[in-house]
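Counting begins at 1 with the first residue of the sequence.
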Amino acid sequence: TIVFGEKNAGFDILYHNMKHGQIATKELAEFVRERAAIEETYSKSMSKLAKIASNGSPLGTFAPMWDVFRVSSDKLALCHLELMRKMNDLIRDINKYNEEQVKIHRKTKEEVIGTLESVQSLQVQNSHLQKAREGYHSKCVELERLRKEGVPQKELEKAELKSKKAAESFAGSIEKFNRAGRDFEQKMSESAQKFQDIEEAHLRQMKLLIKAYSHSIEDTHVQVGQVHEEFKQNVENIGIENLIQKFTDQKGTGKERPGENLYSDQASPEPTGWAAWPSTQSQSKDSLNLSRSSDPFLTAFRDPSPGRSPLPQDDPTKAWSSNLRSPHAPPGVEPTTFSFPAFSHSLASSELEPSVWSCKHIPPEDPFLDAFERLSRGPSPISLSTQESWPVAAAITEYINAYFRGGEHNCCLVKITGDLTMSFPAGIIRIFTTNPNAPVLSFRLVNISRVDHFLPNKKLLYSDPSQSDPDTKDFWFNMPALTLHLQREAELNPQASYYNVALLKYQASSQDPGRAPLLLSAECQRSGTVTRVSLDYHCCPATAPATQLTSVQVLLPLDHTATDLQCQPPASWNAEERRLLWKLAAADSVNVCFWVSGSGTLCASWQCLEVPRGPPPSLAVQFVGSGASLAGLDVELVGSRYRMSLVKKRFATGKYMAGCSL
């Protein structure tokens, strides 16, 4: 309706709507400019408040508390000053977009000039058509009048000729109008599409700018929350006894009673410095030497490691019991039921798995091996400067557990357990200890919608449970606690160039086979004493391409009476553990060609002394991968004082099994 409209005004409406985009951009810049001015005013007010606190009376036992107010007010002033700077940066981005917008509009104006001419031509032809129709109508009325009046034949013929010419003129006007109309419709449709594309791009860009505005404010709110939390803890850490002791240390005139040792040349002791946070010397040796098992964070989670599975020992076909119906199950047949163990159990298993499930193939290298030994830019980890951004690195390590019901690769359960670790260069400890007001380190987890549970290290991290964005979650460090933790690590290993800090654990569960990097479908056929097992495997590119999976192995345990074994492709046989092992993506494997496409079939057949009566065997698959988070998780820093030098992502299998269907 806007395109064509009455009097063909649609083009004019769309063109001016495009121009209105420039007005909206300028108004947005003005709005952000006003917000920046408000933040600047607030920052100055907080600085003034900090000055008032610094001028507080030094008399009395309350005097040390003014330093807490001063530090907190100074930090709040810096928070709002930083937001003002971010607003100014955003204004520059908006102005840059406005300049690009002007160029796009000029180019578009040149491209749609033909449409404007077509609109004008159609309007002209429409005017001619109206005149021709009126002329034809008047000539027809005149001819009819003459016929009724019985005028001479010559005069009647003359009127008929005029009527005929008017009819021809009218017909010509109709043809020209229709031709102009077709040209108008074609060009107007093309122009309308251009206007729509421009408008959609404009709205997308404006939303991105608004999102940047929102994130800047959100980051500041997080920082303000950190400052308030520090203020609260500082106040709590200064007990009444501390204040009185501070007063007596500073104002005391001596511990000796009058008249005793009058001639001694030794109050009064020198005043000692006071800090808002207790120093490391004030900590008892017992608190410095707490065992890791006493930490509830480390007790709740035992890191999955080579040889240890994050899942319990139970048979998954029995232990996992929640409704999961196969898409191919016929009506009336009860669904096979599966479920995952409880969250706490699945992450705290302490039993070793049997050898068939062992993950000895997982390389035990430190995920931070390259983080600080091969920095892409900046100084070495030992020689950090307070004048530059400070590097940190992060690692996301995940273990995936999956069970595929026999014969159906699209009927599975997937559980991913992961942990986030951050690494700090050794030189940053000196910066933290010499600068008690070091900027708070904040980070944001993104793409978290698939994650079911988080368990952060509450000794080191704060978070805001009221965050409204379901796809992100912000955390920030308790900086004094982080500094103390790094100091302890340095005492234990003073020669290290960096130190790893465990931050949080998470878990994601799903019945979506698309969450599994390798889809499996196993079948078992029995004929008398002969058993044949086949496994179809297929990489899921959306989760992890075949090139990201390495050390892919398939394990098949056999009955102790199995003989006459045949495999395709060839597999290695472990007589002691009685299992077959296929290596599909290892450099030393003869079957590496079977992994080129990331899909294929494995087969094995054998004969037993007796007809097997137990359940069919299950196959275990092992692999490792890098460069992706199977849960889709990512991490980014908030603020500019720190920089992320590396984010390393790595995953490996826990229990990854395919049950056989008979």
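- Applying side chain to side chain donor-acceptor pair (under 3.5 Å) to Q196 and the options Q193, E200, E199 leaves one that passes, E200.
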Given side-chain contact (heavy atoms from CB on, under 4.5 Å), test R133 with S173 step by step and report yes or no.
CA-CA 9 Å; R133 183 172 59 182; S173 296; over 6 Å; no
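- The pair E142-R145 meets the salt-bridge criterion, with a side-chain N (NZ, NE, NH1 or NH2) lying under 4.0 Å from an Asp/Glu carboxylate O.
- Heavy-atom contacts from other residues, nucleotides or ligands closer than 6.0 Å to OH of Y97 number more than 12.
- Looking at heavy atoms from C-beta onward, L156 lies in side-chain contact with Q153 at the 4.5 angstrom threshold.
- Using a 4.0 Å cut-off between charged side-chain N and carboxylate O, E160 and K164 make no salt bridge.
- Under the 3.5 Å distance criterion, the side-chain polar atoms of S214 are left unmatched by any main-chain donor or acceptor of I210.
- For the pair Y506 (side chain) and L420 (backbone), a donor-acceptor distance under 3.5 Å is absent.
- C412 places a side-chain heavy atom less than 4.5 Å from the side chain of P513.
- Between S629 and E398, the side chains place a donor N or O and an acceptor N or O closer than 3.5 Å (distance only, hydrogens not considered).
- Of the inter-residue distances, the one linking S509 atom OG with H453 atom NE2 reads 6.5 Å to the nearest 0.5 angstrom.
- For the residue pair E134 / Q130, no side-chain donor-acceptor distance below 3.5 Å is found, with atom types taken as modelled.
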Stepwise, does the side-chain contact (heavy atoms from CB on, under 4.5 Å) test hold for L445 with F443?
CA-CA 7 Å; L445 298 181; F443 64 91; 4.2 Å; yes
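- Closest of all the heavy-atom pairs between T601 and P569 is O-CD, 3.9 Å.
- Annotation: F170, atom CZ; neighbour count of heavy atoms from other residues, nucleotides and ligands within 6.0 Å is above 12.
- Proximity of D219 to L83: side-chain heavy atoms (C-beta onward) are nowhere separated by under 4.5 Å.
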How far apart are the C-alpha atoms of H215 and V638, what are their side-chain angles, what is the distance that settles it, and do they pass the side-chain contact (heavy atoms from CB on, under 4.5 Å) test?
CA-CA 10 Å; H215 277 314; V638 177; over 6 Å; no
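- For the atom pair L76 CG and H228 NE2, the distance stands at 5.0 Å (nearest 0.5 Å).
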For the pair V227 and C79, evaluate side-chain contact (heavy atoms from CB on, under 4.5 Å) and give the outcome as yes or no after the intermediate values.
CA-CA 9 Å; V227 174; C79 288; 4.0 Å; yes
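- Panel note: side chain S163, backbone A159; no donor-acceptor pair is recorded below 3.5 Å.
- Nearest heavy-atom pair across G632 and N447 is O-CB, 3.0 Å.
- In this structure the side chain of I38 never reaches within 4.5 angstrom of the side chain of H80, judged on heavy atoms.
- In summary, K96 and E99 do not engage in a salt bridge, as defined by a charged side-chain N under 4.0 Å from a carboxylate O.
- Taking the side chain as every heavy atom from C-beta outward, K86 and Y213 never approach each other to under 4.5 Å.
- Using a 4.5 Å heavy-atom cutoff, the side chains of Q205 and L208 are in contact.
- Taking CG of D469 as the reference point, atom CD of E218 lies at 7.0 Å (rounded to 0.5 Å).
- With S169 contributing its side chain and K165 its backbone, the two residues share no donor-acceptor pair below 3.5 Å.
- Between R641 and E82, every side-chain heavy-atom pair lies at or beyond the 4.5 Å cut-off.
- Using modelled atom types, one side-chain atom of Y656 and one backbone atom of L518 make a donor-acceptor pair closer than 3.5 Å.
- Contact record, Q507 with T417: OE1-CG2, 4.1 Å, taken as the closest heavy-atom pair.
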